[in-house]
**Student:** 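This is the structure I have questions about; it appears just below.
Per chain, numbering begins at 1; letters A, B, ... match sequence-line order. Note that the coordinates shown come from a computational prediction; the quantities given were computed from them, not determined experimentally.
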Amino acid sequence: MTDLPKAYTPRDVEGAIYERWLAADVFAPDGAGSTADPELPPFTITQPPPNVTGSLHLGHAQRTTVEDLMTRHARMRGHAALFLPGLDHASIAAQFVLDAILAKEGESRQSLGRERYLERMVAFSESTRPVMLAQQRRVGASADWGRLRYTMDEGSAKSVRVAFARLYRDGLAYRTEALVNWCPGCQTSISDLEVVPTPETGTLWLVRYHLVDEASGELDPERSVVVATTRPETILGDTAVAVHPDDERYRELVGRRARIPFVDRDVPIIADEVVDRAFGTGAVKITPAHDQDDHETGKRHGLPAPTILADDATMANTGTEFDGLDRYEARRRIVAALTDRGDVVEERVHEMIVGRCQRSDDVLEPRLKTQWFIRTEPLAARALGATRSRRTAILPERFEKTWEHWLTNIRDWNVSRQLWWGHRIPAWYCPVGHVTVTADPAGPMACEVCARPAGELQQDPDIFDTWFSSGLWPFSTLGWPDETPDYARYYPTSVMETGYDIIFFWVARMMMLGLHLTGTAPFHTVYLSGLIRDPEGKKMSKTKGNVVDPLGVIDETGADALRFALIHGSAAGQDQRFGTAKLENARNFANKLWNATRFVAGARPASIAADTERRLPDTRHLGPAERWILSRASATVATVDAAMADYAFGEVTRVLYDAIWNEFCDWGVELAKVRLADGSLPDDVHEATWWALVEALDTYLRLLHPVMPFVTEALWAAIPHRASDPGLLIVARWPAAVERDIEIERQVSALIGLVGDLRNARTTAKIPAGDWLETRVHVPPDLGATFEALRPALERMARARPLHRELTPEALDATRAPGDLTVVAGAGDIEATIRPAAIDEGASALERARLERELSEAEGWLAAARERLANESFMGKAPPAVVDGARAREAELADQVERLRDRLAG
RNA sequence: GGGCGAUUAGCUCAGUUGGUCAGAGCGUACGGUUCACAUCCGUAAGGUCACUGGUUCGAGCCCAGUAUCGCCCA
């Protein structure tokens, strides 16, 4: 069909193609248009659900592309391929976004109240949701939209309740008072993973605490101890001073008491090995309610742990003038007051690490709270078992080390969040504090300990960490805890593709929860993508303003170009910089393919009807070029298959780019052109030639479809199909590698090499590209027939006319005239001469220099080859195949060197 | 403090089990109105594969160490 426009315009094609896929119902593995083989196992990917309130960025586009290409590949191979899409309610992240919007309206979480806030959230997410889904369609995701899930839908809610109830029953969920990471900005606790350790330059204050005279109970005027602290405001919560037990400086102080300023609390001086003698003065204050280490120390020594901060990080319950002050204001005033008293001994600049909130960047406060935790140790052990036994593989493999380390040092997971947007924890408390956990959405009938009626019970106000529902994703989306048909058929899933940055947040949790709740690892392969960075290598982020909107890119260069660019030259787990050069290259490639197809479609011999059914080329009428391209196409199938099996998607695109551009377009099409245009050949030959091109092109379109689905689908429609083909490429069968014709590949590639060498010689001698020059060639006898068959094409490709074939090297020599350009090609056994239109001294010199350069290069290789063959160790120890190869190479080089020397001498 | 990654052509990066693998794209230079494509075609130049040592007949690839940059964990 020649009605394809001259340049590929993705905009004119993509939307319509996606609509056709939707209309044909081919995304669902059990859709009306599915061609899945029921005998084959299904292939399942559950999409990492993007945050519902966000918008897609390049990272999403990259992941969608990888997931989609695996899905499309599996689908074409006949598997029932399920790409299950979804959205995440994103609890804290969504609240953060909404809170910012509310703030602009002069409202806040508090001003709205829980109910209205949640209504607002639902409305907001409903406004962003269709945008996000549309974005994914633009990228080309062949996801089963009919199975779209949401972490806040009833299915997810049910699985959350059931999962938690099971964990509780199994002793893996417990409620306790513990020191948690509190974000004063978000007003919630967060998990250890959400803490961002941030280096900061702070101050280390050395503060004098006066000792108490045990006899009088008054301050001992003689004795004091100087403690070092970076947080003077927590002095108000001190319940001890600690020194190292072996520290001679303080040995005699241990057991005495010191008076805490402002609160006038007398606290013991204790000895504990946790103290670092080299830090500060070697004596530290202990604030068990506001520091992780101090909390542990306090527990060991039975110290009280008064909380002195409110949820908003103002001072509270100290009974001092500082109550009600912000923590930093309190710090300033306390330092000032201590200075006035003369008790600030020293201030030092101090480099330290401060924990900040991943979401709001607020400095976190360790706070004592009663919360729910998941006991992770037994779960982690099973997760490790799954990867160690290779029931689940992690790619790239090096992440297994990270995985091992984290899971073997894992800490219990705090799942309580003092937020509103999310799944409410299904735990109820009776007035005396008994706990009842139930999966029943209506709540418990009564306290399961004391049987107090439901009316007296109160549900936990907290919600779950958003990652809790995410952790159930691979099975909650398929119907778990119910034994649904989907769950039976598609679980466990096949591949979990995601960014390596959430391996702990998400992958580990899915693994742990999946193994415990479903008894099986939720996926057999974890494919970790690298991160997309900006051209300078910086992480893309909204605050940096370097985020690229994929829709803009798609509008400009097309979804296929974006997808190709994201895959090409990438490797699993490896970050990539993303710039316009890659995109342009990908766009050009799509255009190249478009035009190649345009040529093939337009080159259909008149003897073949436009709507004809696909035929295999008649092998009797195939020329070497056609046999060559068919063989190369088959080789490409094999290489792509191998790369796909290795999840080496960058290799897939590399191989296809090379095959399509440098083999099919540059030579397959160019060589065929001559034959197709040769009116002296019979129709049978034209037809076979054309069918060969169609066959090869069809193979490439199929192979490329997973990466570039739109353009391949569009182009596939422009070439004849087989009777067995479905109407759409997306559900057509993946090609099978057939036996290659190695001999024809060798011969044609030698002649292609000859053309290149002839062009090189002409260019070096500054011969105008368009000049037709008399050219003589000698090829070894076994290449003779192929040479003759390709002669017209070779003439054209090398601008060699007339083109004579000499039967012996001597015959070629005999025709040589002064000024002739000489070419030694192939394995040194092909020679050619080009006769310029006029003898040009300058050109001759250039020509001679070229030959000399070639000779010295060949001599160098030859010397190396001979050295190798002379090496007894090599001859003795290298495998015979390698030795044979080296011998053949040596012979070739010797031949080449000899001929080049002859030419230069003659 | 522990771990991981990167270091290959001017730039951005491929290189699966060690045996012509020294590659691609972009860029550069020169030349092209070849009837699919200037989003193109042809030709070319450019690299001691970070450094040092080791294993091996043979190392970009394996081992040890060093340097620089980056990331993760504590």
Side-chain angles (χ1 to χ4, degrees), chain A residues 2 4-9 192-193 197 353 396 398-402 404-406 409 411 500-501 503-504 530-531 533 535-539 557-558 561 565 568-571 573-603 642-643 645-648 650-651 653-655 657-658 661-662 665-666 669-670 673 677 755-770 772 796-799 850 861 864-865 867-879 881-883 885-886 889 892-893:
Chain A
T2 46
L4 294 173
K6 186 170 174 180
Y8 175 49
T9 314
D192 294 336
L193 274 179
I353 304 288
R398 65 182 139 87
F399 280 100
E400 283 180 19
K401 283 183 191 166
T402 318
E404 281 275 336
H405 182 259
W406 192 72
N409 296 287
R411 290 198 280 174
Y500 66 76
D501 53 334
I503 183 170
F504 305 136
L531 271 34
R533 297 177 177 277
E536 274 75 52
K538 294 205 179 69
K539 217 166 174 170
T557 61
H568 197 49
S570 73
Q574 209 56 53
D575 293 355
Q576 59 171 316
R577 297 183 195 200
F578 197 83
T580 52
K582 272 185 181 177
L583 268 176
E584 282 173 15
N585 183 232
R587 180 203 55 183
N588 295 352
F589 180 53
N591 187 63
K592 184 74 182 177
L593 183 67
W594 179 268
N595 275 289
T597 307
R598 206 159 72 90
F599 169 77
V600 172
D646 282 350
Y647 298 87
E651 177 74 0
T653 56
R654 194 190 62 72
V655 166
Y657 184 96
D658 189 53
W661 202 311
N662 302 124
C665 293
D666 287 354
V669 168
E670 292 303 322
K673 266 182 191 174
V755 171
D757 289 342
L758 290 170
R759 286 168 169 173
N760 179 351
R762 293 167 54 110
T763 305
T764 309
K766 300 210 183 298
I767 291 169
W772 290 93
R796 176 171 143 160
M797 307 287 285
R799 303 295 277 189
R850 180 180 65 84
W861 288 117
E867 198 176 323
R868 212 146 70 118
L869 289 171
N871 186 329
E872 281 175 32
S873 304
F874 173 74
M875 298 302 282
K877 294 186 182 174
V882 174
V883 174
R889 181 72 184 141
E892 275 180 23
L893 287 163

**Student:** Taking atom P of B/C41 as reference, at what distance in whole Å does atom CG of A/Asn591 sit?
**Tutor:**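 Atom CG in A/Asn591 sits about 10 Å away from atom P in B/C41.
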
**Student:** With both distances kept under 3.5 Å, what pairs with B/U68, Watson-Crick or G-U wobble?
**Tutor:**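 Base-paired to B/A6.
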
**Student:** Taking side chain as C-beta onward, heavy atoms only, is A/Arg850 less than 4.5 Å from A/Asn760?
**Tutor:**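 A/Arg850 reaches A/Asn760 side chain to side chain.
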
**Student:** Within the structure shown, what part of the strands sits under 4.0 Å from A/Phe399 by heavy-atom distance: base, sugar-phosphate, or nothing?
**Tutor:**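 Here A/Phe399 touches no strand at all.
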
**Student:** Considering every strand and a 4.0 Å limit on heavy-atom distances, what is the contact class for A/Glu892: base, sugar-phosphate, or nothing?
**Tutor:**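 Contact class for A/Glu892: none.
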
**Student:** Using atom CG of A/Leu531 as one end and atom C1' of B/C4 as the other, report the distance to the nearest whole Å.
**Tutor:**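 Distance, rounded to whole Å: 15 Å.
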
**Student:** Specify the separation, in whole Å, of atom CZ of A/Arg889 and atom C1' of B/C21.
**Tutor:** 13 Å

**Student:** With sugar-phosphate meaning primed atoms plus P, OP1 and OP2, does A/Gly569 contact a base, only sugar-phosphate, or nothing at under 4.0 Å between heavy atoms?
**Tutor:**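 Result for A/Gly569 = sugar-phosphate.
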
**Student:** In terms of relative ring orientation, are A/Phe504 and A/Trp406 parallel, tilted or perpendicular, with 30° and 60° separating the classes?
**Tutor:** parallel

**Student:** Grab the CH2-C1' distance between A/Trp661 and B/U39 for me, whole Å please.
**Tutor:** 7 Å

**Student:** If you find the nucleotide of RNA chain B closest to A/Ala7 and the one closest to A/Tyr500, which residue's nucleotide is nearer the 5' end?
**Tutor:** A/Ala7

**Student:** Go through the steps for A/Lys401 and A/Glu404 under the test salt bridge (Lys or Arg N to Asp or Glu O under 4.0 Å), then give the verdict.
**Tutor:** CA-CA 5 Å; A/Lys401 283 183 191 166; A/Glu404 281 275 336; over 6 Å; no

**Student:** Tell me whether the OP1 or OP2 atom of B/A44 has a side-chain N or O from A/Asn760 closer than 4.0 Å.
**Tutor:**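 For B/A44, OP1/OP2 do have a side-chain N/O of A/Asn760 under 4.0 Å.
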
**Student:** Distance check needed: B/U20 P versus A/Glu867 CD, whole Å only.
**Tutor:**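 After rounding, the reported distance stands at 17 Å.
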
**Student:** For A/His568 and for A/Thr9, find the nucleotide of RNA chain B with the closest heavy atom, then tell me which residue's nucleotide is more 5'.
**Tutor:** A/His568

**Student:** Counting heavy atoms from C-beta on, name the nucleotide in B/C40, B/A38, B/U43 closest to the side chain of A/Lys592.
**Tutor:**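 Per side-chain heavy atoms of A/Lys592, the pick is B/C40.
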
**Student:** Contact class for A/Trp861 vs. all strands (heavy atom < 4.0 Å): base, sugar-phosphate, or nothing?
**Tutor:** base

**Student:** Determine the interatomic distance between C1' on B/G15 and the same-named atom on B/C61; round to the nearest Å.
**Tutor:** 9 Å

**Student:** Kindly label the base of B/G27 as syn or anti, based on whether its glycosidic torsion lies within 90° of 0.
**Tutor:**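 This nucleotide is in anti.
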
**Student:** Going by modelled atom types, is there a donor-acceptor pair between the base of B/A36 and the side chain of A/Lys673 at under 3.5 Å?
**Tutor:**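 By the distance-only test, yes, there is a pair.
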
**Student:** Over how many whole Å does the gap from A/Phe599 atom CZ to B/A36 atom C1' extend?
**Tutor:** 7 Å

**Student:** Report yes if a side-chain nitrogen or oxygen of A/Lys401 is closer than 4.0 Å to either non-bridging phosphate oxygen (OP1 or OP2) of B/G3; otherwise report no.
**Tutor:**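 Looking at the OP1 and OP2 atoms of B/G3, neither is under 4.0 Å from any side-chain N or O of A/Lys401.
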
**Student:** Tell me what A/Leu758 touches on the nucleic acid: a base, only sugar-phosphate, or nothing, going by heavy atoms under 4.0 Å.
**Tutor:** nothing

**Student:** Quantified in whole Å, what is the C1' atom distance between nucleotide B/C11 and nucleotide B/G46?
**Tutor:** 13 Å

**Student:** Test side chain to side chain donor-acceptor pair (under 3.5 Å) on A/Arg868 and A/Asn871 and set out the steps.
**Tutor:** CA-CA 5 Å; A/Arg868 212 146 70 118; A/Asn871 186 329; over 6 Å; no

**Student:** Contact class for A/Pro879 vs. all strands (heavy atom < 4.0 Å): base, sugar-phosphate, or nothing?
**Tutor:** base

**Student:** Taking CD from A/Glu651 and P from B/A14, how many angstroms apart are they, rounded to a whole number?
**Tutor:** 12 Å

**Student:** Check every strand shown and say whether A/Ala878 touches a base, only sugar-phosphate, or nothing at a heavy-atom separation below 4.0 Å.
**Tutor:**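 Base, at least one base heavy atom under 4.0 Å.
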
**Student:** Between residues 573-588 of chain A and RNA chain B, which residues have a heavy-atom gap below 4.0 Å?
**Tutor:** A/Gln574, A/Arg577, A/Asn585, A/Arg587, A/Asn588

**Student:** Over all strands shown, is A/Asp646 touching base, sugar-phosphate only, or nothing at heavy-atom distances under 4.0 angstrom?
**Tutor:**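 Result for A/Asp646 = base.
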
